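Encoded as structure tokens, the structure appears first; notes follow it.
Start at 1 and go down the list; that is how both ligands and their atoms are numbered. These numbers were taken from a predicted model, which means no experiment stands behind them. Values below: every heavy atom of this structure, side chains too, minus hydrogens, waters and symmetry copies.
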Amino acid sequence: MKKIVLIRHGQSLWNLENKFTGWTDVDLSDNGLEEARKAGKILAQNGYCFDLAYTSVLKRSIRTLWLVLHEMDLMWIPVFKCWKLNERHYGALQGLNKQETIEKYGEEQVHLWRRSVDVRPPALTPDDERYEADDPKYKSLKKGEFPLTENLSDTEKRVVSYWHEKIAPAILQGQKVIISAHGNTLRALIKYLDQIPGDGIASLNIPTGTPLVYELNDNLVPIRHYYLGIEGPIPQENIPRHIIHSPK
Ligand SMILES: O=C(O)[C@H](O)COP(=O)(O)O
């Protein structure tokens with residue numbers, strides 16, 4: 001049996017301000033910093049240890065990982081950063097307030113943009129200042145690879161390609177792995193691992209800064225999964241389809 005830990009970054013400054021973030025490189029709020037430290041403590045208290053870590057190139061997930069590893073005294077382990085673990089690109093919604101966007105376009109449209117698997121938010125244009133293809137953190141992207149917007153399926157393709165290229169081979173070699181990433185990146189990975197069809201993933205929201213453990217069989221098929229450190233009943237919207245229980 002293999003065990004991996006997924007963690008969505010702690011609360012970011014734009015989570016706090018209720019703004020669409022996507023690839024905007026926003027840092028953690030004070031609460032997010034604290035969530036990340038708490039996650040590290042909980043993992044250490046529960047006897048977890050990692051050989052390798054994976055994260056995006058966005059500072060909210062990198063800093064979350066740093067704080068987790070710091071609390072676990074594991075800052076020395078190799079950390080691999082890849083844009084393929086970035087949050088879903090939110091196109092021209094990036095920077096807009098989610099509530100104001102609902103007031104302007106209606107609840108139904110915004111829900112489709114946020115949670116539909118195949119609807120893309122309005123695209124950025126390459127002359128938009130939010131189009132950051134020249135940022136050095138993206139110099140490894142091939143021409144045309146930098147997204148102007150993404151739906152969850154687009155995100156799933158890049159996340160799953162990285163899973164097969166890098167993460168799965170490491171797990172199969174027996175490495176203990178943590179992945180610090182983003183709400184929609186983790187929804188996409190869970191959709192793939194649990195083979196959740198179509199919009200079966202629409203109602204899943206991953207809480208910030210909360211370790212989600214996946215136990216996998218030798219073929220990397222999920223056996224069960226559970227959160228660490230949630231006190232009280234777990235809200236239904238936080239529970240991936242096959243969740244069984246949260247251990248004490
Ligand atoms: O990019 C964002 O705005 C958030 O990290 C995820 O937002 P969502 O819950 O609206 O998909």
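Evaluation of the side chain to side chain donor-acceptor pair (under 3.5 Å) rule for Asp51 yields no partner, not counting sequence neighbours.
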Run the ring pair (Phe, Tyr, Trp, His ring centres under 6.0 Å) test on Phe20 and Trp113 for me, step by step, so that the C-alpha distance in whole Å, both residues' side-chain angles and the decisive distance to 0.1 Å come before the verdict.
CA-CA 11 Å; Phe20 289 101; Trp113 283 333; 7.8 Å; no
Using the side-chain contact (heavy atoms from CB on, under 4.5 Å) rule, take Tyr90 and Arg114 through it: C-alpha gap first, then chi angles, then the decisive distance, then the call.
CA-CA 9 Å; Tyr90 249 127; Arg114 290 184 66 191; 3.4 Å; yes
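Ser161 pairs in a side chain to side chain donor-acceptor pair (under 3.5 Å) with only one of the listed residues (Lys166, Lys84, Glu156), which is Lys84.
Taking the six-membered ring where tryptophan is involved, the planes of Tyr162 and Tyr54 are perpendicular, since the angle between them exceeds 60° and thus also 30°.
Each of Trp14 and Leu16 belongs to its own hydrophobic cluster when Ile, Leu, Val, Met, Phe, Trp and Tyr are linked at side-chain heavy-atom distances under 4.5 angstrom.
The protein residues lying under 4.0 angstrom from ligand 1, judged by non-hydrogen atoms, are Arg8, Lys19, Phe20, Thr21, Gly22, Glu87, Tyr90, Lys98, Arg114, Arg115, Asn184.
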